[in-house]
J.: 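Got a structure for you, questions after.
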Amino acid sequence: MTFDLIVKGGLLPDGRQADIAISKGRIAAVEPGIAADAREVIDATGKLVSPPLIDCHFHMDATLSYGTPRVNASGTLLEGISLWGELKRLQSRDAIVARALDYCRQAMGKGVLAIRSHVDVTDPAFRTVEALLEVRDAIKGKMDLQLVAFPQDGWLRAPGAEAQVIRALDAGVDIVGGIPHFERTMADGAAAVRAACRLAAERGLMVDLHCDETDDPQSRHIETLAAETIAFGLQGRVAGSHLTSMHSMDNYYVSKLIPLIAEAQVAAIANPLINITLQGRSDTYPKRRGMTRVPELMAGGVLVAFGQDCVMDPWYPLGSGDMLDVAHMGLHIALMTGTEQMRRCFHMVTDAPAQVMALDFGLRPGARGSLVVLDCATPIDALRLRPARLSVISDGAVVARTTPASTEAARFG
Ligand SMILES: [Zn+2]
């Protein structure tokens, strides 16, 4: 038999050495020394071969807009939201599409083959939604894009926001979003969580809320989200993004909260690059790190993934679309320097987000033929070096190649 593609001699994230054969876009075999012919052979001897990198929390309608119409002077979430309010009235649909496609190519070159992007549905002209639906079609077959109907200015706080969420879902947006900590009162926040879960249950959809992205330990919308997930029977279909208030919560309360999140099978998505810069802004010293309790959630049986969130937009001036940068920062903030913990950080930008997004990725026969060959040998070295993605393969086709840079340094003595 002739396969479409064989990746030879690579090292899998668990350390095994194996060839991977792909046929008709699917992985046909993962075993040492596959002898069959293939239309294309990639020599990955001694190189890490990984499932695709995945970003399960992003804002593609704002990306690469940094400085338009001005920069965020305070660096806070709230100034970012008001700056985005100015930008979204100015930008054309074509500009959003062009920036998003530019970003997708950059991310694909870094081995990212799936992105979940929130899309602000409170743009009255609806340009954001129309633009990202166009982008989803344009990248189909190379990258997966899941869209979340995100009422940036609040489900209840922004007039007509619920109708705009429904309009976006009717237009083909995949997932129900929300931002309960931005509502005017805690009660409104809880009502917004309930409304989002009800709508998702009625339509058989997933939920992904910006939840408790604040240093206020009293921001407990994640508790409501977990309880409503159980009440509406949405277990396994809901994610809470950010959850930064948990960093500042009372330990006893958290000891009760994490088992509730686990029981509801609500996934947690931490965004380390963004929250290490947005949180703690009102602190003098010590300054809180702000990221949610990643190792504790994992130990409690909660599915935890890392997201990029922002690249050069009203909230964050940096970023490169590289999920290894994200995992590198997450590892540092969470103090996850144990050997197994570092391996878990790699998992949180590959397998864990695939599970959050219900994608059939993984290095096993039958899964989608999508993988990345990296210029290093182990997942820990991938985090340490963030090396070139030598080959990026999507559903059996090579979609990006990178030649590693080489350095000639003088010898001493
Ligand atoms: Zn976000």
J.: If you look at every heavy atom in Ala267 and Val356, which pair is closest and at what distance?
T.: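 Distance-wise, the nearest heavy atoms are CB-CG2, 3.9 Å.
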J.: Does the pair Lys110/Asp55 count as a salt bridge with the N-to-O cut at 4.0 Å?
T.: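 Between Asp55 and Lys110 there is no salt bridge, as every charged N stays at least 4.0 Å from the carboxylate O atoms.
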J.: When you check the gap from the basic side-chain N to the acidic O, do Asp137 and Lys140 get nearer than 4.0 Å?
T.: no
J.: For the residue pair Asn72 and Gly80, what are the closest heavy atoms and their distance?
T.: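 So the minimum-distance heavy-atom pair works out to ND2-N, 3.3 Å.
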J.: Pick one: which of Thr122, Thr128, Asp61 meets side chain to side chain donor-acceptor pair (under 3.5 Å) with Lys88?
T.: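 Exactly one option meets the side chain to side chain donor-acceptor pair (under 3.5 Å) with Lys88, and it is Thr122.
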J.: Can you confirm whether Asp153 sits close enough to Ile81 that some side-chain heavy atom of one is under 4.5 Å from a side-chain heavy atom of the other?
T.: yes
J.: Is the gap between the ring centers of His210 and Phe182 under 6.0 Å?
T.: no
J.: Which heavy atom of Gly178 sits nearest to which heavy atom of Pro180, and what is that distance?
T.: C-CD, 3.7 Å
J.: Hey, mind stepping through Arg386 and His328 against side chain to side chain donor-acceptor pair (under 3.5 Å) and telling me if it holds?
T.: CA-CA 9 Å; Arg386 283 149 283 149; His328 185 262; 3.1 Å; yes
J.: Restricting to non-hydrogen atoms, name the atom on Ser117 and the atom on Leu145 that form the minimum distance, rounded to 0.1 Å.
T.: CB-CD1, 4.0 Å
J.: Could you tell me whether Arg105 atom CZ has more than 12 heavy atoms of other residues or ligands within 6.0 Å of it?
T.: no
J.: Can you label the angle between the Trp315 ring and the His59 ring as parallel, tilted or perpendicular, going by 30° and 60°?
T.: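 Ring orientation of Trp315 relative to His59: tilted.
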J.: Of all heavy-atom pairs between Ala239 and Leu225, which one has the smallest distance, and what is that distance?
T.: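 For Ala239 and Leu225, the tightest heavy-atom pair comes out as O-CD2, 4.0 Å.
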J.: Could you give me the CA-CA distance, side-chain angles and deciding distance for Asp375 and Lys47, then say whether salt bridge (Lys or Arg N to Asp or Glu O under 4.0 Å) is met?
T.: CA-CA 6 Å; Asp375 192 20; Lys47 304 292 184 190; 2.7 Å; yes
J.: When Val392 is tested against each of Leu113, Leu374, Val398, Val112 for side-chain contact (heavy atoms from CB on, under 4.5 Å), which residue passes?
T.: Leu113
J.: Would you please test Met348 and Met336 for side-chain contact (heavy atoms from CB on, under 4.5 Å) and show each step?
T.: CA-CA 12 Å; Met348 279 191 278; Met336 291 178 70; 4.1 Å; yes
J.: Among side-chain atoms of Asp309 and His57, is any donor-acceptor pair under 3.5 angstrom?
T.: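 Distance-only check passes for Asp309 and His57.
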J.: Between Lys8 and Asp43, is a salt bridge (Lys or Arg N to Asp or Glu O under 4.0 Å) present by the stated rule, with each step listed?
T.: CA-CA 5 Å; Lys8 280 205 172 293; Asp43 180 11; over 6 Å; no
J.: Pairs of donor and acceptor atoms involving the side chains of residues 296-307, under 3.5 Å and at least two apart or interchain, shall be tabulated with distances.
T.:
none

J.: Indicate yes or no: at least one non-hydrogen side-chain atom of Val311 is less than 4.5 angstrom from one of Ser320.
T.: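 Val311 vs Ser320: side chains apart.
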J.: Before you tell me yes or no, could you show the steps for Asp215 and Lys287 under salt bridge (Lys or Arg N to Asp or Glu O under 4.0 Å), namely the whole-Å CA-CA distance, both residues' side-chain angles and the distance that decides it to 0.1 Å?
T.: CA-CA 11 Å; Asp215 292 320; Lys287 285 188 192 291; over 6 Å; no
J.: Return the minimal non-hydrogen interatomic distance between Gln308 and Ile274, and the atom names on each side.
T.: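 Residues Gln308 and Ile274, closest heavy atoms: O-CG1, 3.5 Å.
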J.: Report the distance from atom CG of Leu209 to atom SG of Cys197, rounding to the nearest 0.5 Å.
T.: 6.5 Å
J.: Starting from the C-alpha separation in whole Å, work towards a yes-or-no answer on salt bridge (Lys or Arg N to Asp or Glu O under 4.0 Å) for Arg99 and Asp102.
T.: CA-CA 5 Å; Arg99 291 196 325 254; Asp102 190 8; over 6 Å; no
